[in-house]
Amino acid sequence: MFVLADCNNFYASCERLFRPELNGKPVIVLSNNDGCVIARSNEAKALGIAMGAPKFKIEEEIRQHNITICSSHYELYGDMSARVMTNLARFTPEVEVYSIDECFLKLTGFKNLESCALTIRNTTIKNTGIPISIGVAPTKTLAKLANKLAKKTPSGVMVLDTDCKIAEALKTYAVEDIWGVGRQYATKLISEGIETAEQLRNLPAEWVNKNMTIVGARMWRELWGQSCLQLKTVLDPKKGMCTSRAFGKLTGDYGELEQATASYASRLAGKLRREKLCTMVLSVRLLTNRFKTDQPQAYPTISINLPHPVNNTTDLIKASMKGLKRIYLKGFLYQKVEIIAIGLIPETEVQLNMFEQYNGIKNNKLSNILDGLNKHYGSGTIRMATEGKQQKWAMRRQFLSPRYTTDWKDIIKVK
DNA sequence: TCTGGGGTCCTAGGACCC
DNA sequence: TCTGGGGTCCTAGGACCC
């Protein structure tokens, strides 16, 4: 049996954990740059605050209902996530951490699944303070579905362990809420008159194969209780890595773009080193704001093949600067730069190019020193000069909570 | 003023090979 | 006039996820 454990309103719950006065009150968490809503407490959901709503469009509701706003704070969420996952892993060795707030577990040989699920839920809540729901079913797709139903029950647990219970659950389950049915498929299915999971499951296999590719066919079989998606206990090596973030303001200034590009490249280099990976290709892309339809749009991009696979800050900044210079177009206001690394290989498998000069040893040494200092004195303590000092383009985080769990200086702020 | 960031997998089509 | 049959690899684009 597959179990899906999913934290309720995870980011909002993390924020509330250290501010208990917010319990029972509407809380929302905003995306980077305090752009749009990415998490809501139940109270905020009840007020009709939509997922993804831009903040500037709901100012009136925020004021009227006295909604508490938080900037997203991934350091805090990451730390709380690790605590939740550690607790879940105590119940079975078969664990797949699926996302920051979700985890699949496999339970074999348990007689009373209901009480087992309840134990998992209650223990995790007691030890972490994060509310969580548990869905249990014979396939991952059905466990996801069970979890969604569990959120609506008082016990927070839903076990679908018989054909009868599964059939009953599918009857009224909206087709667009199935894991694997996104916007495109939902529109298509609904236009064909398929509105519930039961109707989708009753479609002939040929129809699904023809219209929904192999991915859809797997999902369809999973709805019938045939497990096609296995538990992934070992993470696959990453294939690509990307640093992309909107600026705090639009800019067409080359100097500012240089700083931002260098700083994102440096961040990407740090991520690569942490995962012990090197990249062979670096892509740089500038983007204007697609919502500003009255302004000229441009998305110039370039891919640079590196002479050697690297992950040191010096070489990656250098390559990104070269890319920026080649794609920069005057007269546009840019909102974002993306730096993408593709063709990742493990540090230990790097092969050098005998026809190119290799400065890796010196540059790697420098990067390691950088990492060491930033780790000891706090990230951002030391950085490359090209990354800039003022960073006028840096993202807005007006409503950031203290680092309750990861910084001694901030812990004293807890009331 | 203000609209997230990071991934995965699959398919189709073109280039190229013998 | 007639114009094979089988592969592989790569890329772009589209779908999905949280």
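The figures here come from the full heavy-atom set of this structure, side chains too, leaving out hydrogens, waters and symmetry mates.
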Checking [X] side chain against [Y] main chain: does a donor-acceptor pair fall under 3.5 Å?
X       : Y       : value
E222(A) : R218(A) : no
R396(A) : N33(A)  : yes
E102(A) : V97(A)  : no

Is there a side-chain contact between [X] and the phosphate of [N], meaning an N or O under 4.0 Å from OP1 or OP2?
X       : N       : result
K292(A) : dC2(B)  : yes
R218(A) : dC10(B) : yes
Q398(A) : dC2(B)  : no
K144(A) : dC18(C) : yes
K239(A) : dC9(B)  : yes
K336(A) : dG5(B)  : yes
T213(A) : dC10(B) : no

Heavy atoms only, 4.0 Å cut-off, all strands: where does [X] land among base, sugar-phosphate and nothing?
X       : value
T243(A) : sugar-phosphate
E102(A) : sugar-phosphate
L268(A) : nothing
D101(A) : sugar-phosphate
E338(A) : nothing

Quiz item: Just checking, any donor-acceptor pair under 3.5 angstrom between side chains of D79(A) and T405(A)?
Solution: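 Checked: D79(A)/T405(A) side chains pair up, N/O donor to acceptor below 3.5 Å.
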
Quiz item: Any chance CZ of R83(A) has more than 12 other-residue heavy atoms, nucleotides or ligands included, within less than 6.0 Å?
Solution: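 Yes, CZ of R83(A) has more than 12 neighbouring heavy atoms, counting only those of other groups under 6.0 Å.
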
Quiz item: Y264(A) vs W393(A) aromatic rings, parallel, tilted or perpendicular, using cut-offs 30° and 60°?
Solution: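 Geometry flag for W393(A) against Y264(A): perpendicular rings.
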
Quiz item: Hey, which of these two, R267(A) or V215(A), hits DNA chain B nearer its 5' end, going by closest nucleotide?
Solution: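 Here R267(A) is the residue nearer the 5' end.
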
Practice problem: Report the residue (D34(A) or P237(A)) whose heavy-atom-nearest nucleotide on DNA chain B is the more 5′ of the two. | Solution: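 Counting from the 5' end, the first nearest nucleotide belongs to D34(A).
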
Rounded to the nearest Å, what distance is computed from the [atom1] atom of residue [X] to the [atom2] atom of nucleotide [N]?
X       : N       : atom1 : atom2 : answer
I69(A)  : dT3(B)  : CD1   : C1'   : 15 Å
I342(A) : dA12(C) : CD1   : C1'   : 12 Å
I28(A)  : dT3(B)  : CD1   : P     : 15 Å
L272(A) : dG7(B)  : CG    : C1'   : 14 Å
K148(A) : dC17(C) : NZ    : C1'   : 12 Å
Y185(A) : dG14(C) : OH    : P     : 13 Å
L235(A) : dC18(C) : CG    : P     : 17 Å
L333(A) : dT3(B)  : CG    : P     : 13 Å

Of the nucleotides [options], which has the atom closest to the [X] side chain?
X       : options                  : value
K238(A) : dA15(C), dG7(B), dG4(B)  : dG7(B)
Q184(A) : dG7(B), dA15(C), dC17(C) : dA15(C)
S99(A)  : dT11(B), dC18(C), dT3(B) : dC18(C)
F56(A)  : dC9(B), dG4(B), dC2(B)   : dC2(B)
C242(A) : dT3(B), dG7(B), dC18(C)  : dG7(B)
Q335(A) : dT3(B), dC18(C), dC10(B) : dT3(B)

Quiz item: Given Watson-Crick or G-U pairs with both distances under 3.5 Å, what dot-bracket string fits DNA chain B, with | for other-strand pairs and [ ] for crossing?
Solution: ....||||||||||||||

Quiz item: Taking all atoms of both residues into account, what is the closest heavy-atom pair of Y185(A) and G180(A), and its distance?
Solution: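 Nearest pair, atom of Y185(A) first, then G180(A): CD1-O, 4.0 Å.
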
Self-check item: Working for side chain to side chain contact (heavy atoms under 4.5 Å, CB included), residues M321(A) and V284(A)
Solution: CA-CA 9 Å; M321(A) 293 293 98; V284(A) 182; over 6 Å; no

Practice problem: Compare all side-chain heavy atoms of V136(A) with those of L160(A) and state whether any distance is below 4.5 angstrom. | Solution: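 Side-chain contact under 4.5 Å: no.
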
